[in-house]
Amino acid sequence: MIKIVLPTLLSALSLFAISNIDVAKKNDNVMSNFEDSKSKMTMTLINAKGQTKVRQMKSKTLELDGGDKSLMEFLSPADVKGTKFLNYEHAKKDDDQWLYLPALKRVKRISSKNKSGAFMGSEFSYEDISSFNIEKYDYKNDEAKEEQLHGTEIYKVERFPNYKYSGYTKQVSYIDKKSFLTLQVDYYDRKKSLLKSAFFTDYKLIDGVYRTGKIQMKNFSNSKESILTWDEESIKNGLTKKDFHKRVLKR
Amino acid sequence: MTHSKSLIPKTLFSLLILITSSFAQIEVEGYIGLDSQSYSDKNNKHSNNVTLQQQLKLTYEKENFSSVLELYAQEDKSDFSNTKENDRTFLRVNEFYTQYEGEDYKLLFGKNIRFWGALEVQNIVDTFNRRDSRNDSFTTDKIGAYNISYSHYFEDSELSVIAKLYEQESKMANSSYMYSILNEGQSYNDKLESEKSLYRPSLYLAYNGSSYADEYSLDYAFIYENGYDSQRYFTVNNNEYKQHAYLVNKFMTYNTLVLDSTLYKLEALYANITENKNISDYIHIALGIEHTLDALSSGHEIGLISEYYYYDTFDDNKLNDLSLGETFQNDLFLGLRYSFNDADDSSAVGGIIVDTQYDEQSYYIEYETRIYDLAKVKLDYRYIEPSDTDNTVYSQLGRHQRIALNISYHF
C-alpha cells in the first residue's frame, strides 16, 4: 500500500514544486513590461566609519528584447554635473557604452569589460545596476528551495552569471513566494566567498508594474554600504530608440 | 568689416535676452579655480605662475529649444604685481548659442565648441575650435566659433552641414610667460594675416554614426572642410611675430572599433592647400589602442594606452613640420591610467611621449581627486627632454620640468 501511496503523493507534490528557472521567469515577468521608465535616483555612499556622501542622477530606460537601453545623467557632485552615461545592454556580450564629458563636449566610447567595476565609487557595480534578464544567468535544473526570510515565505534561487567577465561566480536570490518580487540577493566573488548582499524594499506598483524603490547594498569585505533610491518614477512614457541614440548625449 | 563683426554677438545677445526674459527658468553652473605652476628655471621667464579661473554657464531650456551662454575669465598674478606682465588676464565668451531640436534634425546658431576625435593625448582632427594660446598646450582650452549648422538624424547616423562664419585671431601671452612662443624683445601682432577675407566662411560636411555586429562595434566619422585650415604659420619681421591663415580642402576621419575589451582608434586627415606659396599639402595620421585589464581585487582598474602620430608635408620646398611648430610628427605615446573607483573619482594617468624623429621625450603624471565633495584637485608633473640637434618646439622651451596644482570649486 505504502509502495503505491508514496510515489503517488510525491508525484502530486512535485506538481506544486517549482524549478529555479520558473521562479526566475515569474520574477522577471512581475518586473517586466514597463516599456520604458524615467526617474530620479539618489545614491548614498556610507563608509566604514558611517560617514556619508550623496550622489544624484536622473535616468531613462527603454525595455527591449535582448537588452535594455539606458541613459543616466549625473546631477551631483557639481564637478560631474552634466556627465552622461549611455548603455546598450547585451546579455551575452559586452555592452556598448559611451560617456559624455561636458567640460570637453566629448562623447567618449568606453570599454564595458569591467562590469564588476564600482559604479560612481559605490558598492554597486555596473553589473548590479543593470536590469535583470534571465538570459544573463544559468540556473540549476532542480527545484527551488523554499525557506523563510525574516518571517516571509521565499524561494531561494541560485543563479550563475554566464558573462565571462562577471565579477561574481554565483548569486543567490530570495524571492517572495506570493508576489515573486526579489527581497535579497547575495553576491559571491570570484573566490566563491560571500562579498555583498543587496536588500530590496519600497516596491511601488506603477501602472500595474512593480518597480524597485530602494536597494541597500552591504559589502562584507570593506564594511561599506550604499543605498540607491528611485523617486518620481514614471513608466510607459512613450520613449523610443531615438531617445537613446548617442546624439542625445550632447543635448 | 568691424561693424559686421560686432553685429554677430549683438544680434545673438539680443536674441538670447528676448528668449530668456520671457521665461527666466535659467540653470546656472560653473566653477572658481586656482591654478599654480612652478617651472625649472629659464632666463627671462617667470619661474612660477598663479592664475585665478572662473567659469559661468547659463542654460535655458524649453521643450525643444535651448540657449547657452558660457563665460570664462582668468587673472594671472603677474599682471597685478610689480613683475613683468604675462598679459594673460581676460574675460572671454566661450559659448553663446541657441538651438532648436526637431524630431529628426537640429538647427544651431551662435558661438559653440565641438569635439571631434577619438584619441587620448592629441586629437589631430579636432580642428573646429581654436585653442587659446595664452594658456599652456597641456590643457584643453578651446574657444567657441560662430557658426550656423543643420544636423539631420538617421537611424544610427547623423549628417551635419556647418558654416563657420569667420576666422578668429589668436591672442598671445607676453614673453615672460613660460609657454609663450615669444622671447624677450619680441612682440606679437594679433591681426591675423590672410589672402582672403577672414569673413570668408569655412564650410564643413560631417557624417558620423555607429554600426554593430556580434563580434565588434564601430563608431565612425568623416568630415570634409572647405575653408581656413586649423594649422597656421608665423612670420617674423623686426622681432614682431604675425600669424597667417590660408584656405584648404581637408578630409578627416575618426573612428573607434571595439573588439572584446580593447578599443582601436584611428584619426587621419589629408589637407589640400588651395592657394598658398608657403604651405604644402600634408597628411596627419594617428593610431591608438586602449585596453582595460581585469579589475584588481581592490576594485581598482588599470587601462593601457598606446598611440602613434605621423605627420608629413608633400613639398620639401615649403615650410616643414619644424617651421610649422608641429610637435606630433613622428611620436609614440605609451601610457597607463589607474582608476581607484572610489567615491572621490580618484585617478592617475601617466605616460611617456617619444619623438622618434628628433630624439625627444616628454614624461608626465597626473593625479586627480575630490576633497569633501567640494573641491576638485588636480596635480601634475611633467618633464621634457628636448632635441639636442633640431630646432623643435621643445628645444625652444629647453629642458623643462614643471609641477602644477589646480584646485577648483564647482557649483
Side-chain angles (χ1 to χ4, degrees), chain A residues 43 45-47 51-55 76-83 88 90 92-98 100-123 125 164-165 167 189-191 219 221-222 224 226 241-242 245-248 250-251, chain B residues 29-31 57 61 66 95 99 101 103-104 106 112-115 117-118 123 126 140 142 151 153 155-156 158 208-210 212 214-215 217 219 256 258 260-263 265 290-295 297 299-301 303 339-346 370 373-376 408-411:
Chain A
M43 190 159 62
L45 316 178
I46 307 167
N47 68 15
Q51 296 162 324
T52 61
K53 289 181 177 176
V54 176
R55 307 282 179 259
S76 75
D79 61 89
V80 294
K81 188 178 180 184
T83 302
Y88 293 179
H90 305 293
K92 291 179 181 174
K93 66 165 195 160
D94 292 342
D95 294 353
D96 289 304
Q97 296 182 338
W98 297 266
Y100 176 67
L101 306 168
L104 302 173
K105 321 284 180 203
R106 177 175 187 177
V107 175
K108 187 176 178 181
R109 185 72 194 233
I110 55 174
S111 165
S112 64
K113 176 186 172 185
N114 282 335
K115 289 183 181 180
S116 57
F119 173 69
M120 288 188 84
S122 73
E123 300 316 304
S125 67
K164 64 180 174 180
Y165 298 122
D189 62 18
R190 289 170 182 163
K191 295 174 186 164
N219 188 323
S221 70
N222 59 17
K224 293 179 183 176
S226 300
K241 285 182 183 176
K242 282 183 181 174
H245 190 278
K246 67 178 183 179
R247 65 176 170 261
V248 302
K250 290 184 277 186
R251 274 184 193 158
Chain B
E29 59 191 293
Y31 67 83
K57 183 178 181 183
E61 286 183 342
S66 63
E95 293 198 293
Q99 67 179 23
E101 187 121 14
E103 178 74 9
D104 292 316
K106 181 170 81 175
N112 76 327
I113 293 173
R114 298 169 189 271
F115 179 88
N123 297 108
D126 191 23
T140 304
K142 298 197 305 192
S151 300
Y153 304 140
E155 182 68 24
D156 276 316
E158 175 181 342
N208 71 74
S210 301
Y212 311 96
D214 284 344
E215 299 301 318
S217 62
D219 287 354
T256 304
V258 185
D260 200 21
S261 53
T262 305
L263 306 180
K265 304 174 179 183
E290 186 174 339
H291 180 78
T292 307
L293 300 176
D294 279 334
S297 56
H300 302 177
E301 277 180 23
S339 302
F340 292 85
N341 273 337
D342 60 359
D344 297 318
D345 293 330
S346 308
R370 188 184 296 117
D373 266 7
L374 284 175
K376 193 82 184 164
S408 55
Y409 165 74
H410 295 251
F411 55 90

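Computed over heavy atoms, backbone and side chain alike; hydrogens, waters and symmetry mates excluded. Within every chain, numbering begins at 1; the chains are lettered A, B, ... in the order of the sequence lines, protein sequences first and strands thereafter.
Here the straight-line distance linking atom CZ of A/Arg247 with atom CG of B/Asn208 works out to 10.0 Å at 0.5 Å rounding. Taking CD from B/Glu101 and CZ from A/Arg251, the interatomic distance works out to 4.0 Å, rounded to the nearest 0.5 Å. Between atom CG of residue B/Asp342 and atom OG of residue A/Ser122 there is a gap of 11.5 Å, rounded to the nearest 0.5 Å. Note that CD1 of A/Ile110 and OG1 of B/Thr256 are 12.0 Å apart. Values are rounded to the nearest 0.5 Å. Rounded to the nearest 0.5 Å, atoms NZ (B/Lys142) and NZ (A/Lys105) are 9.5 Å apart.
Of the atoms belonging to A/Lys242, it is side-chain heavy atoms, and not backbone ones, that fall under 4.5 Å from chain B. In this structure, no portion of A/Phe119 lies under 4.5 Å from any heavy atom of chain B. For a residue to count as touching a neighbouring chain, one of its non-hydrogen atoms must lie under 4.5 Å from one of that chain's; by this rule B/Leu263 touches chain A with the side chain only. Looking at B/Asp104, only its side chain comes within 4.5 Å of chain A, counting heavy atoms on both sides. Looking at A/Asp96, the atoms closer than 4.5 Å to chain B (heavy atoms on both sides) all sit in the side chain, from C-beta outward. Contact of B/Lys106 with chain A is not made at all, since no heavy-atom distance falls under 4.5 Å. The part of B/Phe411 that comes within reach of chain A is its backbone (N, CA, C, O), which places non-hydrogen atoms under 4.5 angstrom from that chain. Contact annotation for A/Lys246: only side-chain heavy atoms (C-beta onward) come within less than 4.5 Å of a heavy atom of chain B.
Side-chain contact between B/Asp214 and A/His90: absent, with no pair of heavy atoms (C-beta onward) separated by less than 4.5 Å.
Nearest heavy atoms, A/Leu45 versus B/Ala343: CD1-CB, 3.4 Å. The two residues A/His245 and B/Glu155 make their nearest non-hydrogen contact at CD2-O, 3.3 Å. Looking at every heavy atom in both residues, B/Thr292 comes nearest to A/Ser111 through OG1-CB, 3.8 Å. In terms of heavy-atom proximity, B/Asp345 sits nearest to A/Val80 at OD2-CG1, 4.0 Å. Minimum interatomic distance between A/Asp94 and B/Asp260 (heavy atoms only, all atoms of both residues): OD2-O, 2.9 Å. Nearest heavy atom pair, residue B/Gly117 against residue A/Arg106, reads O-NH2, 4.4 Å.
Heavy-atom neighbours of A/Gln51 CD from other residues, nucleotides or ligands within 6.0 Å: above the threshold of 12.
Counting heavy-atom pairs under 4.5 Å between each of B/Gly303, B/Ala118, B/Gly30, B/Ala375 and chain A puts B/Ala118 at the top. In terms of heavy-atom pairs under 4.5 angstrom with chain B, the leader among A/Ala103, A/Ala78, A/Gly121 is A/Gly121.
Under 4.0 Å is where a charged nitrogen must lie from a carboxylate oxygen, and between A/Lys108 and B/Asp219 no such pair does.
Screening B/Glu29, B/Lys57, B/His410 for a side chain to side chain contact (heavy atoms under 4.5 Å, CB included) involving A/Lys81 leaves a single residue, B/Glu29.
Ring geometry for A/Trp98 versus B/Tyr212: interplanar angle over 60°, hence perpendicular rather than tilted (30 to 60°).
For the 3.5 Å distance criterion, the side chains of A/Arg109 and B/Ser217 qualify, holding a donor opposite an acceptor.
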